[in-house]
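Notes follow the structure.
Protein chains get the first letters and strands the later ones, always in sequence-line order, with residue 1 at the start of each. The figures here come from the full heavy-atom set of this structure, side chains too, leaving out hydrogens, waters and symmetry mates.
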Protein chains: 2
Amino acid sequence: MPRAASSSDVFNAVAEPRRRDILVYLALRERPVGDVVAWLGVAQPSVSKHLKVLRHVGLVHVRREGRQMFYRTNVEAIRPLHEWTKTFEHFWRHQLARVKERAEGNP
Amino acid sequence: MPRAASSSDVFNAVAEPRRRDILVYLALRERPVGDVVAWLGVAQPSVSKHLKVLRHVGLVHVRREGRQMFYRTNVEAIRPLHEWTKTFEHFWRHQLARVKERAEGNP
DNA sequence: AGATTATATTCCCATTACGGAATATGATGC
DNA sequence: GCATCATATTCCGTAATGGGAATATAATCT
């Protein structure tokens with residue numbers, strides 16, 4: 001079985017560094033594709049493809065205005081990722097505490 | 001340019017659902033490979049390969065004991081992921097607040 | 001040393017990925 | 001209608017994927 005498609009879920013979608021950059025950029029406010037292209041410094045077709053993936057998994061919203069497409073990060077869609085990582089927060093607190101204890105010579 | 005290797009960074013490594021399962025399973029305590037195989041219900045070579053990827057990006061630690069290899073999730077390595085998602089926490093609070101305001105008819 | 005157990009590696013395959021270049025669609029303006 | 005601007009899609013090539021099967025390594029036991 002080959003690797004899952006980037007467009008299959010949020011985890012695969014954010015595996016791409018550029019897509020993470022785009023999400024950060026579009027979190028502040030909606031922007032037309034051209035702005036993303038200028039800011040990222042990559043070819044327009046490439047940006048359009050990344051945006052397509054992000055749209056597929058619901059990580060961005062789109063709105064058309066004339067010939068421009070305004071994209072905006074759907075921050076809610078990032079929550080599942082955040083929740084998943086949060087399940088470990090608990091553990092690393094404990095792990096840190098243990099390391100600290102040992103460093104201080106407390107049993 | 002082809003897709004980045006799963007072993008290139010933490011984001012790519014956790015894009016695989018089974019690897020996420022493994023990380024959760026090994027967060028509680030260290031376990032030999034055989035336990036992971038039994039628990040996941042997938043072939044042993046497959047598990048070994050996933051563990052190799054996780055090891056490469058530092059998401060698990062290994063310890064040999066006789067012929068067994070005990071793996072444990074390195075929860076610290078998940079923090080970068082957590083931190084990245086946290087940059088959006090702020091935004092979805094605002095977004096939720098706005099949605100709520102509108103629902104309640106408050107300007 | 002030979003057999004057995006635990007894990008890792010290799011090989012093959014179908015599938016997907018991303019980037020680049022070219023082309024297509026879609027909206028606006030003359 | 002035609003040209004132009006903004007964005008999307010298609011085609012190509014290289015590279016990596018994860019599963020399965022077979023094989024290799026490494027440690028233990030008799």
Side-chain angles (χ1 to χ4, degrees), chain A residues 1-23 25-26 29-73, chain B residues 1-23 25-26 29-73:
Chain A
M1 203 178 285
R3 190 203 280 208
S6 327
S7 40
S8 62
D9 62 58
V10 176
F11 284 90
N12 276 284
V14 303
E16 248 298 310
R18 303 260 159 97
R19 283 198 286 263
R20 290 200 296 279
D21 294 342
I22 291 175
L23 287 173
Y25 184 61
L26 296 175
R29 65 167 92 152
E30 66 172 9
R31 303 268 200 181
V33 178
D35 281 19
V36 181
V37 171
W39 181 72
L40 259 191
V42 308
Q44 174 267 314
S46 202
V47 171
S48 278
K49 282 181 241 173
H50 283 311
L51 289 170
K52 186 184 191 173
V53 171
L54 294 173
R55 223 188 317 132
H56 253 88
V57 301
L59 277 165
V60 294
H61 284 146
V62 213
R63 182 175 66 87
R64 156 157 267 149
E65 191 178 308
R67 46 189 153 183
Q68 288 185 308
M69 298 288 267
F70 284 84
Y71 283 83
R72 186 170 44 100
T73 298
Chain B
M1 202 179 286
R3 195 205 295 223
S6 326
S7 42
S8 61
D9 62 58
V10 176
F11 284 91
N12 277 284
V14 303
E16 247 298 308
R18 303 220 196 246
R19 285 197 285 264
R20 290 198 298 277
D21 293 342
I22 292 175
L23 288 173
Y25 184 62
L26 296 175
R29 63 166 91 152
E30 66 173 10
R31 305 268 199 180
V33 179
D35 281 18
V36 181
V37 171
W39 182 72
L40 258 192
V42 308
Q44 173 268 314
S46 202
V47 171
S48 279
K49 280 180 243 173
H50 282 311
L51 288 169
K52 186 183 191 173
V53 171
L54 294 173
R55 221 187 320 132
H56 253 86
V57 300
L59 277 166
V60 294
H61 284 144
V62 212
R63 181 176 67 86
R64 154 157 269 147
E65 191 177 308
R67 46 189 152 182
Q68 288 185 309
M69 299 289 267
F70 285 84
Y71 282 84
R72 186 169 45 98
T73 298

B/Arg19 side chain vs B/Ala13 backbone, donor-acceptor pair below 3.5 Å: yes

Any donor-acceptor pair under 3.5 Å from A/Thr73 side chain to A/Val60 backbone: no

B/Tyr71 side-chain N/O to C/dA8 phosphate OP1/OP2 under 4.0 Å: yes

Side chain to side chain contact (heavy atoms under 4.5 Å, CB included) between A/Arg20 and A/Arg18, worked out: CA-CA 5 Å; A/Arg20 290 200 296 279; A/Arg18 303 260 159 97; over 6 Å; no

B/Phe11 versus A/Val14, closest heavy-atom pair with distance: CD2-O, 3.8 Å

Chi angles and distances behind the side chain to side chain contact (heavy atoms under 4.5 Å, CB included) call for A/Arg72, A/Arg29: CA-CA 6 Å; A/Arg72 186 170 44 100; A/Arg29 65 167 92 152; over 6 Å; no

What is the distance, to the nearest angstrom, from the [atom1] atom on [X] to the [atom2] atom on [N]?
{"X": "A/Glu30", "N": "D/dT7", "atom1": "CD", "atom2": "P", "result": "12 Å"}
{"X": "A/Leu40", "N": "C/dC18", "atom1": "CG", "atom2": "C1'", "result": "14 Å"}
{"X": "A/His56", "N": "C/dT16", "atom1": "NE2", "atom2": "C1'", "result": "14 Å"}
{"X": "A/His50", "N": "C/dT16", "atom1": "NE2", "atom2": "P", "result": "18 Å"}
{"X": "B/Asp9", "N": "D/dT17", "atom1": "CG", "atom2": "P", "result": "12 Å"}
{"X": "B/Leu51", "N": "C/dA6", "atom1": "CG", "atom2": "P", "result": "16 Å"}
{"X": "A/Asp35", "N": "D/dC5", "atom1": "CG", "atom2": "C1'", "result": "15 Å"}
{"X": "A/Arg63", "N": "C/dA27", "atom1": "CZ", "atom2": "P", "result": "15 Å"}

Listed nucleotide nearest any side-chain atom of A/Lys52, set D/dG18, C/dT7, D/dT9: D/dT9

Among D/dT7, C/dA6, D/dG19, the one nearest B/Gln68 by side-chain distance: C/dA6

Test side chain to side chain contact (heavy atoms under 4.5 Å, CB included) applied to B/Glu30 and B/Arg63, step by step: CA-CA 9 Å; B/Glu30 66 173 10; B/Arg63 181 176 67 86; 2.4 Å; yes

Pair A/Val33-A/Phe70, side chain to side chain contact (heavy atoms under 4.5 Å, CB included): steps then yes or no: CA-CA 7 Å; A/Val33 178; A/Phe70 284 84; over 6 Å; no

Distances for protein N or O near nucleotides 20-28 of chain D N or O, under 3.5 Å:
residue	atom	partner	partner atom	Å
D/dG20	O6	B/Lys49	NZ	2.6

